Amino acid sequence: MRHWLAKTEPESFSWDDLVNAPGKTTCWDGVRNFQVRNFMRDHMRVGDLVLIYHSNADPPAAMGVAEVTREAYPDHTAFDPSHHHFDPKSDPEAPTWLMVDLRAKEALTPVGLPVLRATPGLEQMELLQLGSRLSITPVTPEEWAILMRLGGRRERSPRR
DNA sequence: GCCAACGTTGGC
DNA sequence: GCCAACGTTGGC
């Protein structure tokens, strides 16, 4: 199982929107970057966990954990001329753009960007690199563990 | 609103 | 294939 971080602008689609969606599930449409498409196509699998992050927000923050419930399939919004994400070059017979389905799994205590930047062990996170703009990025298991602790998720019950 | 960083486009 | 111009992202 892999871990990921997905950015979204809460003005257009927020963590709460995901929680309130039918089945707490949505198709993650609108990816128009080849590197991110390839992540989805080649590496995102059902059961992978995804940290949902609010970008262009005040404050920018990690909000909660979602789960991949459907692997990459064609992003139909690319075929719809009336849609904001329309791409005339994407042929329905050979779709350029893909999306996955995500389901909200667990809300976190929001973790703001300044905290992320100040936390030892997260220095190499893709999100925090200068000029990083990919909307979905891989997260290492070590980073994930730190992020879950920052988000207030309890450790597994200790042995006695 | 500013601006740095990055991807894409298109002339050549 | 180079690279300047342009559009977008996203923190501040």
Side-chain angles (χ1 to χ4, degrees), chain A residues 2-21 26-44 48-68 71-102 104-140 142-152:
Chain A
R2 292 178 186 251
H3 300 95
W4 305 91
L5 182 144
K7 292 190 268 196
T8 182
E9 301 196 13
E11 292 277 314
S12 54
F13 191 85
S14 69
W15 166 257
D16 285 342
D17 291 333
L18 179 58
V19 170
N20 293 323
T26 192
C27 54
W28 205 254
D29 63 294
V31 168
R32 296 293 181 268
N33 174 284
F34 288 101
Q35 209 174 332
V36 174
R37 181 205 64 184
N38 294 346
F39 281 149
M40 293 195 293
R41 183 190 62 196
D42 300 335
H43 299 298
M44 286 189 102
D48 283 3
L49 298 180
V50 184
L51 184 61
I52 304 297
Y53 173 85
H54 282 177
S55 63
N56 251 324
D58 187 19
M63 302 301 293
V65 177
E67 182 177 13
V68 177
E71 293 178 15
Y73 62 106
D75 181 344
H76 57 81
T77 66
F79 311 137
D80 177 358
S82 71
H83 199 282
H84 184 236
H85 294 302
F86 175 59
D87 179 0
K89 289 179 302 207
S90 184
D91 174 4
E93 298 302 314
T96 305
W97 303 116
L98 304 173
M99 59 189 180
V100 296
D101 283 357
L102 299 182
K105 188 176 169 72
E106 182 178 12
L108 298 176
T109 306
V111 185
L113 182 58
V115 173
L116 297 177
R117 289 202 185 283
T119 301
L122 298 184
E123 297 88 349
Q124 302 305 313
M125 265 188 82
E126 185 63 30
L127 175 77
L128 304 181
Q129 304 312 305
L130 187 61
S132 166
R133 297 194 311 171
L134 298 180
S135 60
I136 299 179
T137 50
V139 174
T140 68
E142 295 78 16
E143 290 163 349
W144 187 266
I146 294 170
L147 292 163
M148 291 302 104
R149 179 166 50 77
L150 290 174

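Quick caveat: nothing in here was measured; it's all calculated off a predicted structure. Note on naming: letters A, B, ... go to the chains in the order of the sequence lines (proteins, then strands), and numbering restarts at 1 for each one.
For the 3.5 Å distance criterion, the side chains of T140(A) and R2(A) fail to qualify, holding no donor opposite an acceptor.
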Any chance you could list the contact pattern along nucleotides 4-12 of chain C? Use B for base contacts, S for sugar-phosphate-only contacts and - for none, protein heavy atoms under 4.0 Å, 5' to 3'. ---BBBBBS
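Closest non-hydrogen pair, S135(A) versus V31(A), comes out as OG-CG2, 4.3 Å.
Between W97(A) and F34(A), the two ring planes are tilted [angle within 30° to 60°].
R37(A) and D75(A) are not joined by a salt bridge, as no carboxylate oxygen comes within less than 4.0 angstrom of a charged side-chain nitrogen.
Legend: residues meeting salt bridge (Lys or Arg N to Asp or Glu O under 4.0 Å) with E106(A), ordered by chain and number and at least two apart, are R153(A).
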